Each structure stands twice: as C-alpha cells, then as structure tokens.
> 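Structure in structure tokens, see below.
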Amino acid sequence: IHSEKEQSIGSKSIHSEKEQSIGSKSIHNKKEIKYRQQGIKKQNIKHRKQNTKYRKQSTRHIAYRIMSCLDSRRRNMNELVQICDLTKVYERKKVAVNHMNLMIPSGRIVGLLGPNGSGKTTLIKMLSGLLVPDQGTIRINGNAPGPVTKAEVSYLPERTYFRESMKVSQLIAYFKDFYADFRPERAMQMLNNLQIDPNAPLKTLSKGTKEKVQLIMVMSRDARLYLLDEPIAGVDPAARDYILRTVISNYNEQASIIISTHLITDVENVLDDVVFIRDGRVLLTDTVENIREVKGKSVDQYFREVFAC
C-alpha cells in the first residue's frame, strides 16, 4: 500500500514538474512573441517616420522648384508661355513630361525638336488644354489652360479631325461661328493661292490637301499662341515653302508659334529659337542664330549630333 502511494505521489510530482516546465515555456514563448511584436512595431514606426520624413522632404523640394519657377516668372512678365515643374505620367508609370521648365516669349517662332517619344505631342496637348498635367503649372498670357486660353490658342493636331461629309466652305462658316478671332477672308485667300476649291467636300480631297485645309483654318485665326504639331508632314515639298511663308505672314507679331516637326531642314529657316527635349525634359534652348554662329552648324546638323544613337 505504501509503495503504491509513493508511486502515485511520484507520478503526480512528475506531472506537476512537466506542467511547470510547459507553463514556463509558454510564458517564455509569450514573452518572445511580445518582444517580437514590440520590435516589429518599433520597426514599423521607424519606417513610417522615415517615409513621412521623405514625403515632407519631397513635398518641400517640389514646392521649392515651383516657387523658384514662379519667382523666375515674375522676373519675366513678358513671357507668353511659362511652364513650371510640369509633369505628366500615363498608365503603367510612363513618364511623358518630366519636371519640365520652359519660358517662351511673345513674337517668336520656336521649333520643338526631339526624337519619337520625347514628349512633344504631350506637351502641346497640355498647352492646348486637352490634357491635364499631374504636377506643375502652365501659364499662357498669365492664365492657366481653360476657356480663356482656348480663345487665344490655335491648335493644329498631328491628325485631321474634320468630318468627311463637310465642304471646305462649310468648314470656314463653322470656324467663323466658333472662333471670334477667325478671319474668313484670310482663309479664302490662302485656299485660292493653293488652288483648293471651297465647294469641294473633304472626302474628295487627298490626305495632303486635307492637311493644307486644316493648317489654313488654324492660321486664319488672330491667336496669341499657335501650336502646330507636324504641320507639313503630309504636304508635298512643292507646297511646303508656300505653307511656311503663310505661317510667317499670317500671324500676329505679338503672338508666338510652336512648331513640332521632324522635318528640321524644311523649317529651320523660319525658326527664331529651338527647344531640344529628350525623355520629357528640356535638353537645351537656344536661338537658331547662336547655333549657326557659335556651333558653326545648321540646326539639323546640331540636332543629329546631340541625338546621335
């Protein structure tokens, strides 16, 4: 009997020791979990602080760039186009225009030059108000893109957009009703010089003739800013000289023209300034005269040198 009692007491003590060891292990495990959780929390707090600090620094940096650009704008009140820290990002994080700063004064013909995909068309669309920037500011004659600037900007897209069923004369009437600064007599004169029938339906015209008609409509306005995206790409070489002379002779001297083109040799004789852009950034701005005198090269030769593959 005594031995049985001793055995039962011994087994109870063994169980209690096991329970104590298990309990102590669970306590230790809980403490480890607690410490780990505290460590993770500390790391998370540290990362959050670092992220907050980075965001604050980034915000300050952006604000500083914009304020610097605004200060420059105040010093250059005669600038017709003022672009500050302009950024546009498409889907899949495709950066089309990347923190661009640019000033264009009144009374200048500016060549916007760069390789394919450099952001030329995106910039022109933002200036015309068709695209909204993700960051930065645009001012045209002191105003942000909107109803006021659309009344002052004459935009030629790279593709024709007129209805094929319309006649050229109907197109003139449409522009006259839509734009207060449209001059129908100027349009008729240019049509006559290019031997384009005003009564011809657009669907009967060739691609090059349609582009001529579209350019005539754009240049028949008394705008402050003309945005021409590839204005002579589809035009035959014989008509290019006339069109370029038309561009020079039919715009207000207080206005400016921005021409985006790959046909540099054809347009450089009418340009006052050039802007080279790559990957959405301004690479350089210079006058055509300075490039010829200092570099000793034509704009086309200098462009090939700068953007050589």
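These numbers come from a predicted model, not from an experiment. Residue numbers count from 1 along this sequence.
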> For H99 and Q135, run side-chain contact (heavy atoms from CB on, under 4.5 Å): C-alpha distance rounded to whole Å, both residues' side-chain angles, the deciding distance at 0.1 Å, then the answer.
CA-CA 8 Å; H99 302 292; Q135 184 179 305; 3.2 Å; yes
> Could you go step by step and tell me if D286 and R292 meet the salt bridge (Lys or Arg N to Asp or Glu O under 4.0 Å) rule?
CA-CA 10 Å; D286 206 346; R292 288 172 181 160; over 6 Å; no
> Verify, without hydrogens or angle tests, whether S154 (side chain) and Y226 (backbone) share a donor-acceptor contact under 3.5 angstrom.
no
> To the nearest 0.5 Å, how far apart are CD in E230 and CD in E211?
9.5 Å
> Check for me, please, whether L131 and V81 land in the same ILVMFWY cluster - side-chain distances under 4.5 Å, paths through other members count.
yes
> Any Lys/Arg nitrogen of D229 or K125 sitting under 4.0 Å from an Asp/Glu carboxylate oxygen of the other?
no
> For F178, enumerate each residue passing the ring-ring contact (aromatic ring centres under 6.0 Å, His included) test, keeping only those at least two apart in sequence or located in another chain.
Y174
> Hey, are the side chains of D197 and V168 touching, using non-hydrogen atoms and a 4.5 Å cut-off?
no
> Please tell me if the side chains of L80 and R224 come closer than 4.5 Å, counting only heavy atoms from C-beta onward.
yes
> Is there a donor-acceptor pair closer than 3.5 Å between any side-chain N or O of R163 and the backbone N or O of L171?
no
> Return the minimal non-hydrogen interatomic distance between R221 and R186, and the atom names on each side.
O-NH1, 3.5 Å
> Q301 versus E268: any side-chain heavy-atom pair under 4.5 Å?
no
> Rounded to the nearest 0.5 Å, what separation is found between the CD1 atom of I248 and the CE atom of M219?
9.5 Å
> Without swapping roles, check the side chain of S118 against the backbone of P115 for a donor-acceptor pair under 3.5 Å.
yes
> Would you say the side-chain atoms of Y90 and T122 include a donor-acceptor pair closer than 3.5 Å?
yes
> Where is the tightest heavy-atom contact between G114 and K120, given as atom of each residue plus distance?
O-NZ, 2.9 Å
> What's the verdict on side-chain contact (heavy atoms from CB on, under 4.5 Å) for V299 and L113, showing C-alpha distance, side-chain angles and the deciding distance?
CA-CA 10 Å; V299 175; L113 310 176; 3.8 Å; yes
> Rounded to the nearest 0.5 Å, what's the gap from OG1 on T285 to CG on L112? Could you check?
11.5 Å
> Measure the spacing between OG of S128 and CG of L225 and express it to the nearest 0.5 Å.
9.5 Å
> In terms of heavy-atom contacts, does NZ of K167 have more than 12 from other residues, nucleotides or ligands at under 6.0 Å?
no
> Quick one: does I83's side chain get under 4.5 Å of M126's, heavy atoms only?
no
> Is any side-chain heavy atom of V267 closer than 4.5 Å to one of L244?
yes
> If you compare all heavy atoms of I124 against all heavy atoms of S260, which two are closest, and at what distance to 0.1 Å?
CD1-CB, 3.6 Å
> Determine whether I138 and V148 fall in the same hydrophobic cluster, where Ile, Leu, Val, Met, Phe, Trp and Tyr are linked whenever their side-chain heavy atoms lie under 4.5 Å apart.
no
> Should we say atom CD of E185 is surrounded by more than 12 heavy atoms from elsewhere, each under 6.0 Å from it?
yes
> How close do Y179 and K150 get, heavy atom to heavy atom, and via which atoms?
CE2-O, 4.5 Å
> Could you tell me which non-hydrogen atom of N143 sits nearest to which non-hydrogen atom of T149, and how far apart they are?
O-CG2, 3.6 Å
> Sub-3.5 Å donor-acceptor pair from the side chain of T261 to the main-chain atoms of L263, do we have one?
yes
> Are the side chains of I259 and L228 in contact, using a 4.5 Å heavy-atom criterion?
yes
> For D279, does the CG atom have more than 12 heavy-atom neighbours from other residues, nucleotides or ligands under 6.0 Å away?
no
> Do L123 and I258 touch side chain to side chain, with heavy atoms closer than 4.5 Å?
no
> Check whether N101 reaches the backbone of D85 with its side chain - one donor and one acceptor, N or O, closer than 3.5 Å.
yes
> Of the non-hydrogen atoms in T287 and R108, which two are nearest, and what is the gap between them?
CG2-NH2, 4.1 Å
> Is the number of heavy atoms from other residues, nucleotides or ligands within 6.0 Å of CD (E164) greater than 12?
yes
> May I ask you to say whether D300 pairs ionically with R304, meaning some side-chain N is under 4.0 Å from a carboxylate O?
yes
> Enumerate the ring-ring contact (aromatic ring centres under 6.0 Å, His included) contacts for residues 259-294, please, sequence neighbours excluded, ordered by first and then second residue.
F276-Y302, F276-F303, F276-F307
> Do the side chains of L86 and V95 join up, straight or via other hydrophobic residues, at under 4.5 Å, putting them in one cluster?
no
> Applying side chain to side chain donor-acceptor pair (under 3.5 Å), name anything that partners R281, two or more places apart in sequence or on another chain.
none
> Calculate, to the nearest 0.5 Å, the distance between atoms CD1 and CD belonging to I172 and Q170 respectively.
10.5 Å
> If hydrophobic clusters are built by linking Ile, Leu, Val, Met, Phe, Trp and Tyr wherever their side-chain heavy atoms come under 4.5 Å apart, do I264 and I291 end up in the same one?
yes
> With a 4.5 Å limit on heavy-atom distance, are the side chains of Q214 and L156 in contact?
yes
> Determine whether a donor-acceptor pair (N or O, by modelled atom type, separation under 3.5 Å) exists between the side chain of K295 and the backbone of N290.
no
> Going from CD1 on I216 to CD1 on I196, what distance comes out if it is rounded to the nearest 0.5 angstrom?
4.5 Å
> Can you tell me if T87 uses its side chain to pair, donor with acceptor, with the backbone of D134 under 3.5 Å?
no
> Checking S256 side chain against P105 main chain: does a donor-acceptor pair fall under 3.5 Å?
yes
